[in-house]
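One structure below.
Proteins come first, then strands; the chains are lettered A, B, ... in the order of their sequence lines, and each starts at number 1.
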Number of protein chains: 2
Amino acid sequence: MDTAERLIESAQQLLWERGYVGTSPKAIQQRAGAGQGSMYHHFRGKPDLAEAAMRRSAAQLRAQAEAVLAVGDSATARLGGYLERERDPLRGCRVGRMAMDPDVIASDELRRPVEETFAWLRDRLAEIVAEGVAAGELRAGLDPSDTAAAIAAVVQGGYVLARAAGSREPFDAAVRGAVALLAAARA
Amino acid sequence: MDTAERLIESAQQLLWERGYVGTSPKAIQQRAGAGQGSMYHHFRGKPDLAEAAMRRSAAQLRAQAEAVLAVGDSATARLGGYLERERDPLRGCRVGRMAMDPDVIASDELRRPVEETFAWLRDRLAEIVAEGVAAGELRAGLDPSDTAAAIAAVVQGGYVLARAAGSREPFDAAVRGAVALLAAARA
DNA sequence: GTCTATAGCTTGATAGAC
DNA sequence: GTCTATCAAGCTATAGAC
C-alpha cells in the first residue's frame with residue numbers, strides 16, 4: 001500500500017474516532033508512518049486530505065447499506081434488515097458524526113460528501129417504503145419520504161443515545177422500537 | 001450578572017456551537033469579557049467549567065422537555081407534542097451533541113450529565129407510552145422502553161440529517177414520519 | 001517522494017502584581 | 001477577584017536538503 005493510501009486510511013480512522021476538529025495532520029501522519037512533507041506532497045492540507053477520507057468512507061458506507069437494502073422479499077424485511085444490520089453503536093456513524101463538526105458544516109466541500117450520503121440513503125429507503133405501499137404491504141397513507149427520514153434518524157439518533165449511555169443497549173432498543181412501529185404500519 | 005455566571009453562559013453557547021474539543025478556554029473568556037485569571041479563579045480548568053456548563057444546559061433542556069410532555073390529553077398527543085416541539089434543527093441538540101465528542105465520552109465526569117439527561121428522557125417517554133397502552137389508546141404489544149428509545153432517537157437523528165443537508169427539512173420529515181408511525185400503532 | 005528544520009500561531013495552564 | 005506576563009506543548013503549514 002502506498003503512502004497516499006495509508007494517509008487516507010489513517011485519516012478515515014481518526015475522523016471516525018475524533019472528528020475533524022479533534023484530528024491533527026500530525027496524528028494522521030504518525031498513524032500512517034509518514035512525515036510532514038509526505039502528506040503535504042500528496043494533499044494540499046488537512047481539509048484536502050479529510051475530504052478524500054470522507055469521500056472514501058461515504059462510498060464504503062453506501063456500499064454496505066446498498067448490500068443490506070437489496071436483500072429481503074418484502075419492504076418490511078428490507079427496512080428491518082437495514083435497521084438491524086450489525087453495527088458498533090459506541091463507535092458511532094463515521095459519516096453522520098461529521099455532521100456535528102462545526103468546521104465540516106462551515107465548509108461546502110467538506111459537508112458535500114455527508115449531504116450526498118444521506119440524500120442517497122433517504123431516497124433509497126423511500127423507494128422501498130413506496131414499493132411496500134404499492135404492493136399493499138404497508139398502509140396506503142404512509143408517506144415514503146417522511147418514513148424514510150424517520151428510519152434514517154432512528155439509526156443516527158441511536159448512536160447518540162448509545163454513546164451518551166456508554167452502552168449499546170439504547171441503540172438496540174431504538175431499533176426494536178422502530179421495527180415494531182413499522183410492523184404496526186402494515187396494511 | 002457576575003463573572004462566573006457569564007463564563008458558564010459563554011461556555012454553554014460555545015459548547016453548543018463548536019463542541020468540547022472545538023472550544024478553547026480563551027474563546028470562552030473572550031465571549032464572557034473576562035481574563036485568564038478570572039476564569040481560573042472560579043473554575044479549576046476547562047473540564048471543570050465545561051461540566052458546570054453542561055449541567056446547566058442539561059437542566060434547562062430537561063425543564064423544556066418536561067413542560068412539553070406534561071401537556072396533552074392523550075399519550076399520542078403528548079408524544080406528538082414532544083416530537084413537534086419548536087426547535088432549531090440546524091443548531092443541533094446542545095446535550096446530544098456532546099455525545100459525539102471524544103473527550104466528553106472519555107471522561108466519566110463530563111459524560112454523566114449527558115447520560116443522565118437521556119436516561120431521564122427515555123424513562124419519561126416510556127411512562128407516557130405505558131400510560132397509552134394501559135388506557136387502550138396504543139396497541140397492547142408496544143414495548144414502552146423500546147418505543148421511547150425510538151422517539152428520542154428520531155429527534156437526535158433528525159438533527160444529524162438536517163445538519164448534513166444544510167436544511168431543516170429532513171428533521172421535519174423525520175418528525176412527521178415518526179408521528180405517522182405512532183398514529184399507526186394506535187389500538 | 002520523503003525527510004528534517006523551522007515558522008508563527010494557538011492551547012491550556014500558572015505566576016505574581018494589583 | 002481580576003489583570004497581564006509567561007510558559008511548554010501542540011497546531012498547520014512552508015522551506016529546502018536529499
Side-chain angles (χ1 to χ4, degrees), chain A residues 1-56 97-98 100-111, chain B residues 1-56 97-98 100-111:
Chain A
M1 191 169 49
D2 67 6
T3 305
E5 201 61 28
R6 287 205 315 281
L7 284 164
I8 289 179
E9 290 194 10
S10 299
Q12 283 185 277
Q13 291 170 18
L14 281 161
L15 288 174
W16 196 352
E17 293 167 16
R18 303 199 41 84
Y20 182 82
V21 168
T23 297
S24 69
K26 188 177 200 171
I28 298 171
Q29 293 151 21
Q30 285 175 340
R31 188 169 296 204
Q36 297 267 94
S38 198
M39 184 192 117
Y40 285 98
H41 171 75
H42 292 287
F43 302 95
R44 285 191 305 274
K46 174 177 167 175
D48 189 39
L49 172 50
E51 190 185 334
M54 285 169 62
R55 292 203 173 278
R56 180 75 61 90
R97 165 188 234 313
M98 298 298 120
M100 285 300 133
D101 217 299
D103 291 3
V104 170
I105 293 308
S107 153
D108 283 344
E109 285 71 38
L110 290 176
R111 186 172 58 80
Chain B
M1 190 170 48
D2 67 6
T3 305
E5 201 61 27
R6 287 205 316 280
L7 283 165
I8 289 179
E9 291 194 9
S10 300
Q12 282 185 276
Q13 292 170 17
L14 281 162
L15 289 174
W16 195 352
E17 293 167 16
R18 304 198 40 85
Y20 182 83
V21 168
T23 297
S24 69
K26 187 178 202 172
I28 298 171
Q29 292 150 22
Q30 285 175 338
R31 188 169 297 204
Q36 298 267 93
S38 198
M39 184 192 118
Y40 285 98
H41 172 75
H42 292 287
F43 302 93
R44 286 191 304 275
K46 174 176 168 174
D48 189 38
L49 172 51
E51 189 184 336
M54 285 169 61
R55 292 202 174 280
R56 180 77 60 88
R97 165 190 233 314
M98 297 297 120
M100 286 299 132
D101 217 297
D103 291 3
V104 170
I105 293 307
S107 153
D108 283 343
E109 285 71 38
L110 290 176
R111 187 172 57 81

**Request:** Side-chain contact test, heavy atoms from C-beta onward, threshold under 4.5 Å: evaluate it for B:E51 versus B:M54 and give yes or no.
**Result:** no
**Request:** Would you kindly give the CZ-to-C1' distance between B:R44 and C:dT14, to the nearest whole Å?
**Result:** 16 Å
**Complete:** Scanning both residues in full, the closest heavy-atom pair of B:V21 with A:V21 reads CG1-CG1, 3.8 Å
**Request:** Quickly work out the A:D2 CG to C:dG1 P distance and round it to whole Å.
**Result:** 10 Å
**B:L7 side, atom CG; B:L49 side, atom CG - distance, nearest 0.5 Å** = 6.0 Å
**Fill in**
So CG of B:D101 and CE of A:M100: to nearest 0.5 Å the spacing works out to 12.0 Å
**Request:** Would you kindly give the CD-to-P distance between B:Q36 and C:dT11, to the nearest whole Å?
**Result:** 10 Å
**Complete:** Separation of C:dA17 atom C1' from B:Y40 atom OH, nearest Å, is 19 Å
**Request:** Quick one: closest heavy-atom pair of A:F43 and A:D48, and the distance?
**Result:** CA-OD2, 3.5 Å
**Request:** Please name the pair of heavy atoms, one in B:A4 and one in B:H42, separated by the smallest distance, quoted to 0.1 Å.
**Result:** CB-ND1, 3.8 Å
**Request:** Would you kindly give the CD-to-C1' distance between A:Q29 and D:dT14, to the nearest whole Å?
**Result:** 13 Å
**Request:** Select base, sugar-phosphate, or nothing to describe what B:G45 touches, counting heavy atoms under 4.0 Å on all strands.
**Result:** sugar-phosphate
**Short side-chain N/O contact to D:dT2 OP1/OP2 from B:H42, under 4.0 Å** = yes
**Request:** Under 4.0 Å from any atom of DNA chain C, heavy atoms only: list the residues of residues 4-28 of chain A that qualify, in numerical order.
**Result:** none
**Asked** Which whole-number value in Å describes the distance from A:Q30 CD to D:dC11 C1'?
**Response** 12 Å
**Request:** Round to a whole Å and report the spacing from CG of A:D48 to C1' of D:dA13.
**Result:** 14 Å
**Request:** Would you mind reading off the distance between B:D103 atom CG and C:dG12 atom P, rounded to a whole angstrom?
**Result:** 9 Å
**Request:** Tell me whether the guanidinium CZ or amine NZ of A:K46 lies under 6.0 angstrom from the six-membered ring centre of A:Y40 and within 45° of its axis.
**Result:** no
**Asked** Between B:H41 and D:dT2, does any side-chain N or O lie under 4.0 Å from OP1 or OP2?
**Response** no
**Message:** Please confirm whether the shortest side-chain N or O distance from A:T3 to OP1 or OP2 of C:dT2 is below 4.0 Å.
**Reply:** yes
